[in-house]
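Only heavy atoms go into these numbers, but all of them, side chains included; no hydrogens, no water, no symmetry mates. Heads up: numbering here begins at 1 and tracks the sequence.
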Amino acid sequence: MSEELLINISPMESRVAVLDNGILGEIYIERHHKLGLVGNIYLGTVVRVLPGMQAAFVDIGQSRTAFLHVNDMQREPRPAPKSSKVEKIDDELTIIEVAAENLVVTAPLVSIQTTEAIAVTKTLIQHRLHESQRILVQVTKDQLGSKGARLTTNISLPSRYLVYLPSSEHIGISQRIDGEEERTRLKTELTSLMQTVNLKGGLIARTAAERVPVDKLEEDIYYLLQLWRTICARRQEMKSNQSSELIYQELSLPLRSIRDLVHAGTEKVVIDNAQIYEQVRYFAKEFVPFVYDRIVHYTAEQSLFDVHRVEDDLRDALKRRVDLKSGGYLIIDQTEAMTTIDVNTGSFVGGRSLEDTVYKTNLEATHAIARQLRLRNLGGIIILDFIDMLEQQHKDDILESLQSQLVQDYAKTKITQVSELGLVEMTRKRTRESLGQQLCEPCSTCQGRGFVKTAETVCFEIFREIMRCARTYNSPKKFTVVAHAAVIDLLLTSESDTVADLEYLLGRVITFDVENLYTQEQYDIVLD
């Protein structure tokens, strides 16, 4: 699979498109007046501690206070009591059950590096935080809708090949690195390098670290060590200040995309801005040298995104309906709680049998669904409503196809089996706003419902309101209805008899006035 990165820069925003074999697979947007917060490190101030939720609200200098849960705070290891029960999960992770005051019964996953079991304490948040306390926190999720950013005190600093965890002692390897020999090599070399450099904390080898020579890993470690020292020094400088301070800011989108998105299969990085082109080349030469010669400056007059049909794909990605090549289609509905994706055969009639038609439509839908999840950045709970299938083998094939398509997804996903109703429940990690949330806002006409009242319904509301006004006010001799043109047309035609009966009943004249700026649901009753 060939992959290209297109970086489009304008005075208002930066956009990065990931093309898989010429087709838009992912889009990242960063508006210059509204930069993302994920990865930023702040010296925040605790505003409120909520024992009932085991959480706290922390001021980090944004429009909304951020949210910190006790599960996202550092835990201090302590010797496990003799009665501790240790359940083996795999070669590195265990769950330790501890019964003690102020400890939860089941502690989170921790790394076991010696034969001696280590329990992890989880003190109640009210015993760890108090109002006005200054704490070092990192943003893990951007503000979503009315919710503030999500925080953690477990700081992580990414480089090209590694992630440094100052508050952990675990050495982990990306799950996308499959070979056991390579995983063992990385773990051995990282352990040795940490001892050589005297680096305290933990490391995670990213997917890009696969088959990377030890000298490159060592360069990354020195970079991360210096970065952490800078953050610690800045934290000490800011301790005397009372206001919340930004200690470390994540890289800009163009540089971040070079660090996180390029890999050996990236054939080309195309940039349409001369200044950013030079910045990216300098960054790539220092940290990602293999992609340096693949960076291209686009200078043609036609827009870079127009040439590759990215703008068209973006417009389609905001639509509710996604058409399949066979004639079938998907209906995607996103709510605050979950996203539902419905698969339909549409105009596809197949050939041999109904079961075969349904199977082929569902199989094609798995490819489209995987692409739409990445492109729209849909997260949280997702319900996939496949067309009902009778044969178990077909259900297994659909699930296997979906899982294989999601292998390329950077976000963590989890999928259940196909139910008897053809439903598949899945989750996809959500760390930033979806494409629709970034680019759209609730409709001012329907307030986000997705539909408006019919003109007939509004007419009947107007009749009821006129009768209410007549009972409340005795003086008016005339009522003037100000409404949308479609409503007025209906009042003067189909509902003219009702209007005449109402005038006779109330003994008052009813006149009408069209207001073109009103929506179909808006109206006013003027008393004369």
Side-chain angles (χ1 to χ4, degrees), residues 1-5 17-28 174-178 207 260-267 309-310 313-314 316-317 319-334 338-346 348 356-389 391-419 422-432 434-436:
M1 180 183 70
S2 65
E3 188 173 285
E4 290 183 40
L5 250 65
V18 181
L19 302 187
D20 298 332
N21 294 319
I23 299 173
L24 181 63
E26 287 184 276
I27 185 76
Y28 297 85
S174 167
Q175 294 180 353
R176 294 180 182 272
I177 299 178
D178 297 325
T207 307
D260 297 340
L261 300 180
V262 300
H263 52 82
T266 304
E267 292 188 347
R309 288 184 48 82
V310 174
D313 287 340
L314 270 177
D316 291 341
K319 294 178 181 178
R320 184 168 176 254
R321 173 168 169 156
V322 178
D323 291 317
L324 306 178
K325 290 183 179 179
S326 64
Y329 61 91
L330 309 178
I331 296 294
I332 302 177
D333 287 315
Q334 185 181 359
M338 68 177 67
T339 299
T340 61
I341 302 179
D342 184 30
V343 183
N344 300 276
T345 55
F348 180 52
D356 183 63
T357 301
V358 168
Y359 172 64
K360 288 182 177 178
T361 303
N362 284 339
L363 198 60
E364 184 184 8
T366 60
H367 295 256
I369 288 171
R371 177 174 179 255
Q372 292 298 322
L373 292 180
R374 291 178 62 195
L375 179 56
R376 299 175 186 235
N377 193 35
L378 300 174
I381 300 172
I382 301 168
I383 305 297
L384 310 178
D385 185 8
F386 288 102
I387 308 168
D388 293 345
M389 295 170 288
E391 297 183 22
Q392 184 60 43
Q393 183 59 49
H394 286 173
K395 295 181 181 180
D396 295 341
D397 289 347
I398 294 302
L399 199 63
E400 183 180 349
S401 175
L402 180 62
Q403 289 173 329
S404 66
Q405 293 300 315
L406 291 173
V407 167
Q408 300 299 325
D409 199 335
Y410 287 95
K412 184 178 179 181
T413 57
K414 183 178 180 181
I415 307 174
T416 66
Q417 296 295 317
V418 181
S419 72
L423 298 177
V424 173
E425 297 177 14
M426 67 171 290
T427 59
R428 185 173 185 270
K429 188 175 181 180
R430 174 167 50 193
T431 57
R432 56 191 175 95
S434 68
L435 186 65

Could you list the donor-acceptor pairs under 3.5 angstrom formed by side chains in residues 375-387, with sequence neighbours left out?
from	atom 1	to	atom 2	distance (Å)
Arg376	NE	Ala317	O	3.3
Arg376	NE	Gln372	OE1	2.5
Arg376	NH1	Ala317	O	3.1
Arg376	NH1	Lys319	O	2.9
Arg376	NH2	Lys319	O	2.9
Arg376	NH2	Gln372	OE1	3.3
Asn377	OD1	Arg428	NH1	3.1
Asn377	ND2	Glu433	O	3.2

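The nearest pair of heavy atoms linking Gln334 to Thr339 is CG-OG1, 3.6 Å. Across every non-hydrogen atom of Leu24 and Arg371, the tightest pair is O-NE, 2.9 Å. Val407 and Arg176 get closest at one heavy-atom pair: O-NH1, 2.5 Å. Minimum interatomic distance between Leu363 and Ile398 (heavy atoms only, all atoms of both residues): N-CD1, 3.4 Å. When all heavy atoms of His367 and Gln405 are compared, the pair lying nearest together is CE1-NE2, 3.0 Å. Between Asp260 and Tyr410, the shortest heavy-atom contact is O-CE2, 4.3 Å.
Side-chain contact between Thr413 and Met426 is present, with heavy atoms from C-beta onward closer than 4.5 Å.
Environment of CD in Gln403: crowded, with over 12 heavy atoms of neighbouring residues, nucleotides or ligands closer than 6.0 Å. The environment of Gln392 atom CD is dense: over 12 non-hydrogen atoms of other residues, nucleotides or ligands sit within 6.0 angstrom.
Side-chain atoms of Asn344 never come within 3.5 Å of backbone atoms of Gly346 as a donor-acceptor pair (strictly under, hydrogens ignored). Checked by atom type and distance alone, the side chain of Thr361 pairs as donor or acceptor with a backbone atom of Thr357 at under 3.5 Å. Looking only at distances, no side-chain donor or acceptor of Glu3 sits under 3.5 Å from a matching main-chain atom of Leu19.
We find that Arg321 and Asp323 are joined by a salt bridge, their nearest charged nitrogen and carboxylate oxygen being less than 4.0 Å apart.
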Quiz item: Going through the checks in order, is the side chain to side chain donor-acceptor pair (under 3.5 Å) test met by Ser174 and Thr207?
Solution: CA-CA 6 Å; Ser174 167; Thr207 307; 2.9 Å; yes

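From Ser401, atom OG reaches atom CG of Asp396 across 12.5 Å, with rounding to the nearest 0.5 Å. The NE2 atom of His394 sits 8.5 Å away from the CE atom of Met389 when rounded to the nearest 0.5 Å. Rounded to the nearest 0.5 angstrom, Lys414 NZ and Glu425 CD are separated by 11.0 Å.
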